[in-house]
Amino acid sequence: MSLPELPPEEIRRIVEETVRAIQQHHNPGLAALVKFMGFEAVEWSGEGCTITDLAGNEYLDCLGGFGAYALGHRPHKVVAAVREQLDRLPMSSKILFNKPLADLCALLAKITPGDLQYSFICNSGAEAVEGALKLARLHTCRPGVVAALNGFHGKTLGALSASGRDIYRQPCEPLLPGFTHVPFGDADALRKAVNAGTGAVILEPIQGEAGVIIPPQGYLPAAREICDRHGALLILDEVQTGLGRTGTMFACEHSGVVPDIMCLAKALGGGVMPIGAFISTAKIWKVFEANPLLHSSTFGGNPLACAAAIAAIKAIQEHDLPARAAAMGEYALRRLEAVVMAHPKAISEVRGRGLMIGVEFAHEDIAGLVIAGLAQRRVIAAYTLNNPKVIRLEPPLIIDQGELDTAIDALDQATGYAMSLLEG
Ligand code: PLP
């Protein structure tokens, strides 16, 4: 959509007014943080990997809405599907059969691994996690949940109880009882924590907000085996890793592990609609038979969001975005290794799988300055929520090599500049 033709002083006024309204009526701390990071601009439009602000400045989006924009901004096929649904029936009667919902659930059964067959469609990642935890409780009738330290599952009270970082948990305590946290990637610790009272183990196949942490090769198979031995359900939270991000459709495919319950959100909406899902087997889903309204949501499964998700999945398959993410991710990691070599005092490690990449700095102050440097170079990036030393690169999976080069060159320059400031 073309930019409004506004004089510079009018643009300045709108930016100031927007920041003031965020400060006074939404979240003052967030306004300060975003300003500090150097992103004092009002977004106007998006296309592919690019966001344009009100003043016409273009930003390369390497944050991708925390990994949500697999198909980039405003992917045309998803927009067209949503528009077609919008002109007919955006929201469901909630009583007649909802075909987009039915089609999406059937499609999810087809693309998810193993015998995952039934889906509940909700509106966000946290809601998907809430549903998964509730389903595990209903099926096993056990109160215990084992989760991972530094794991991130969302910020509603149940999801927060599973998340593993104290700065978000402590202000809200007491959280739900029965949750234990163990170090991620440590199968022995998991083995010791799971017992006859454990209803579920909830893990991310690759931890996102912890700083893009890939577990050792045998970890997820060990988690599967431990759950099976104790009759606990394995919930894999693929909200961030799912739908191609890590180079396979689902990150659990890297280790061949099939969960009892899978959570999805983010990329499922095709960057156009908010949507989440939890998916499980026919055996586990039986708990909903006696009372089909045991779990429900007014807007969950609405036709607009389901139309977006169907179009998104088809586009991800059609363009083989998992393979593209794998290839582009390998290219980016190779180039980033050279950036690490150029700044050995600043960057301690780069790691990732597919286009889920973390750049770990020696100190969070360096990461903060680099984010501001990226903002000056009009590249959008941010640190991971549970590890401020790590800048995450999670661009749309449609990103091309030239755009990746732009982002990595900017990171290189911003790191050099940050170090020159810190070293005086
Ligand atoms: N689970 C994981 C692995 C996530 O990364 C996130 C969000 O970043 C969530 C759950 C929560 O999703 P939402 O922000 O849509 O509630």
Side-chain angles (χ1 to χ4, degrees), residues 27 30 63-70 120-136 145 147-165 167-169 172 175-176 179 181 184-185 200-215 220 223 234-246 250-252 254 259 261-279 297 299-300 305 308-309 312 352-358 381-388 390-395:
N27 190 331
L30 185 66
L63 176 60
F66 305 127
Y69 305 135
F120 183 93
I121 307 299
C122 52
N123 307 285
S124 70
E127 243 186 281
V129 169
E130 295 289 341
L133 293 171
K134 183 171 157 183
L135 177 59
V145 177
L149 287 169
N150 287 325
F152 187 82
H153 300 286
K155 291 184 182 157
T156 53
L157 279 181
L160 187 59
S161 305
S163 294
R165 188 162 183 231
I167 62 159
Y168 298 120
R169 293 168 53 84
C172 301
L175 290 165
L176 294 191
F179 283 71
H181 291 82
F184 184 66
V201 169
I202 180 165
L203 298 168
E204 297 157 85
I206 294 173
Q207 283 190 325
E209 300 306 324
V212 186
I213 309 294
I214 302 169
L220 287 183
L234 178 62
I235 302 172
L236 286 184
D237 179 347
E238 293 248 18
V239 164
Q240 192 161 151
T241 52
L243 298 167
R245 168 77 36 203
T246 70
F250 303 102
C252 63
H254 293 292
I261 309 176
M262 180 187 280
C263 300
L264 293 177
K266 292 196 189 276
L268 187 60
V272 177
M273 293 298 297
I275 185 168
F278 61 95
I279 306 147
S297 159
F299 291 126
R353 192 163 271 171
L355 284 171
M356 186 165 175
I357 293 173
Y383 52 76
T384 52
L385 271 178
N386 286 352
N387 187 349
V390 176
I391 293 182
R392 41 124 60 90
L393 298 177
E394 293 190 66

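Both counts, for ligands and for their atoms, begin at 1 and track the order of listing. Values below: every heavy atom of this structure, side chains too, minus hydrogens, waters and symmetry copies.
Residue contacts with ligand 1 for Ala126 involve both N, CA, C or O and side-chain atoms from C-beta outward (heavy atoms, distance under 4.0 Å). Residue contacts with ligand 1, taken as heavy atom pairs separated by less than 4.0 Å, involve Lys266 solely via side-chain atoms from C-beta onward.
Taking every heavy atom of Asp237 and a limit of under 4.0 angstrom, the matching atoms of ligand 1 come to 1 (N), 2 (C), 3 (C), 10 (C). Of all atoms in ligand 1, listed by their number and element, those nearer than 4.0 Å to a heavy atom of Glu204 are 3 (C). Listed by atom number, the atoms of ligand 1 under 4.0 Å from Gly154 heavy atoms are 9 (C), 10 (C), 11 (C).
Here CD1 of Ile206 is found 5.0 Å from CD1 of Ile214. Values are rounded to the nearest 0.5 Å. Atoms CD and CD1, on Glu127 and Ile121 in that order, are 11.0 Å from each other to the nearest 0.5 Å. Atoms CG and CG, from Leu234 and Leu220 in turn, are 7.5 Å apart once rounded to the nearest 0.5 Å. Note that the CZ atom of Phe278 and the CG atom of Leu135 stand 6.0 Å from one another [nearest 0.5 Å].
Ligand 1 lies within reach of Phe152, whose nearest heavy atom is under 4.0 Å from it.
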Please step through side chain to side chain contact (heavy atoms under 4.5 Å, CB included) for the pair Thr241 and Phe250, ending with a clear verdict.
-> CA-CA 7 Å; Thr241 52; Phe250 303 102; over 6 Å; no
Please report the C-alpha distance between Leu175 and Leu157 in whole Å, then the side-chain angles of each, then the deciding distance to 0.1 Å, and finally whether the side chain to side chain contact (heavy atoms under 4.5 Å, CB included) criterion is met.
-> CA-CA 7 Å; Leu175 290 165; Leu157 279 181; 3.6 Å; yes
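Scanning the protein heavy atoms around atom 5 (O) of ligand 1, the nearest turns out to be Gln240 NE2, 2.7 Å.
In terms of polar-atom proximity, Gly125 is counted as a contact of ligand 1, with an N or O under 3.5 Å from an N or O of the ligand. Residue Glu127 has no N or O atom closer than 3.5 Å to an N or O atom of ligand 1.
There is no protein heavy atom less than 4.0 angstrom from atom 14 (O) of ligand 1.
At least one test fails for Lys266 against the ring of Phe66: distance under 6.0 Å to the centre or angle within 45° of the axis.
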